[in-house]
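Scroll down for the structure; my scribbles are underneath it.
Order of listing sets the numbers, starting from 1, for every ligand and every atom in it. Starting from 1, each residue takes its place in the sequence as its number. Owing to the predicted nature of the structure, the values given are computational and were not obtained by experimental measurement. Computed over heavy atoms, backbone and side chain alike; hydrogens, waters and symmetry mates excluded.
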Amino acid sequence: MPANILLVEDEPAIQELIAFNLTQAGHHVLRASTAEAALTLVRNALPDLVLLDWMLPGASGVDIAKRLRSDERTKHVPIIMLTARSDEQDKITGLESGADDYITKPFSPRELLARIKAVLRRRAPQMTDDAVEVQGLKLDPVTHRVTGNGGTIDLGPTEFRLLHFFMTHPERVHSRSQLLDQVWGDHVFVEERTVDVHIRRLRSSLESTGHDALIQTVRGTGYRFSTQQ
Ligand code: CA
């Protein structure tokens, strides 16, 4: 379950140590030492998860969490707060600011990785390796296989990620720019009509088993994966 993790930590030694452990575990790490640098990175590409130090020079981790939660584009990004404070009131403040979890320094790499996994499982099910099935359409992230009523369906890598995202976020409308962020990982350098091209390919691959009807166009808004007609 490799994830793109944005690590916001101003203490160089701690930043280095955490980045090392995350990289060892197979994650891709982007680093920032200030709120400003962190927000710039988030503008360029949406990370799968943000590890946020509470105490930073300038804007605090709590401020960053609030900013991310108040913006439509970033409000669903999973956030784990890192802090030296173990006070119960601080914990409440951290969680109220929009963090999904809270971890008190010092922590073991193992504990951190376990928390990351738990938050991703809860907030970003497409990041996990759990197989998903909807009406006979099965997708297994481990074997990278998709089957429709038992028969193999061949998908390109982008169509695979797109279908995985749809199946783990059913019955919701996703705009093209949300899909670019979630599936392509970038909303800046890819044109929105690229989404339509891949949706077309995905539908055509699902046609033989009739599962193409699960991918619905919502006029003027985007796309939805739904079992309701
Ligand atoms: Ca700090």
Side-chain angles (χ1 to χ4, degrees), residues 1-129 177-178 180-182 184-189:
M1 187 179 53
N4 291 316
I5 297 177
L6 171 59
L7 169 60
V8 191
E9 166 66 70
D10 61 312
E11 190 68 52
I14 299 175
Q15 191 194 77
E16 191 61 42
L17 184 68
I18 295 175
F20 174 80
N21 283 301
L22 294 177
T23 307
Q24 286 288 100
H27 296 299
H28 180 68
V29 185
L30 285 164
R31 307 184 198 191
S33 306
T34 62
E36 201 180 29
L39 293 170
T40 300
L41 287 172
V42 168
R43 264 195 297 278
N44 289 338
L46 209 57
D48 299 314
L49 182 136
V50 181
L51 280 181
L52 201 48
D53 185 30
W54 180 306
M55 298 295 280
L56 293 166
S60 73
V62 170
D63 296 330
I64 300 177
K66 284 183 180 158
R67 289 253 322 245
L68 294 176
R69 285 293 175 258
S70 65
D71 183 334
E72 191 57 39
R73 180 174 164 256
T74 55
K75 73 181 193 193
H76 297 299
V77 174
I79 299 172
I80 298 178
M81 293 280 285
L82 309 174
T83 178
R85 310 172 178 212
S86 58
D87 210 286
E88 193 59 26
Q89 184 53 45
D90 287 335
K91 178 172 178 171
I92 292 165
T93 308
L95 293 175
E96 277 177 351
S97 72
D100 295 278
D101 203 356
Y102 184 102
I103 187 164
T104 307
K105 296 174 187 172
F107 47 80
S108 69
R110 213 168 137 179
E111 185 185 1
L112 178 63
L113 291 169
R115 297 285 190 95
I116 288 173
K117 198 169 179 177
V119 167
L120 284 176
R121 193 172 288 272
R122 197 164 75 233
R123 291 295 301 264
Q126 81 277 14
M127 294 299 304
T128 71
D129 289 339
S177 93
Q178 282 167 342
L180 283 176
D181 269 340
Q182 297 290 338
W184 279 257
D186 200 318
H187 75 134
V188 180
F189 303 109

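- The 12-atom threshold is exceeded at CZ of Phe107, counting heavy atoms of other residues, nucleotides or ligands nearer than 6.0 Å.
- For the pair Ile103 and Leu112, the minimum side-chain heavy-atom distance is below 4.5 Å.
- For residues 3-13, the pairs satisfying salt bridge (charged side-chain N to carboxylate O under 4.0 Å, His left out) are Glu9-Lys105, with sequence neighbours left out.
- With a 6.0 Å radius and a threshold of 12 heavy atoms from other residues, nucleotides or ligands, Glu111 has its CD atom above the threshold.
- Within the protein, the N, O or S atoms sitting under 3.0 Å from the Ca ion (ligand 1) are Asp10 OD1, Asp53 OD2, Met55 O.
- Considering Lys75, Arg69, Arg121, Arg115 in turn, Arg69 is the only one that fulfils the salt bridge (charged side-chain N to carboxylate O under 4.0 Å, His left out) rule with Asp100.
- Nearest heavy-atom pair, Gln15 versus Ser33, reported as atom, atom and distance to 0.1 Å: NE2-OG, 3.5 Å.
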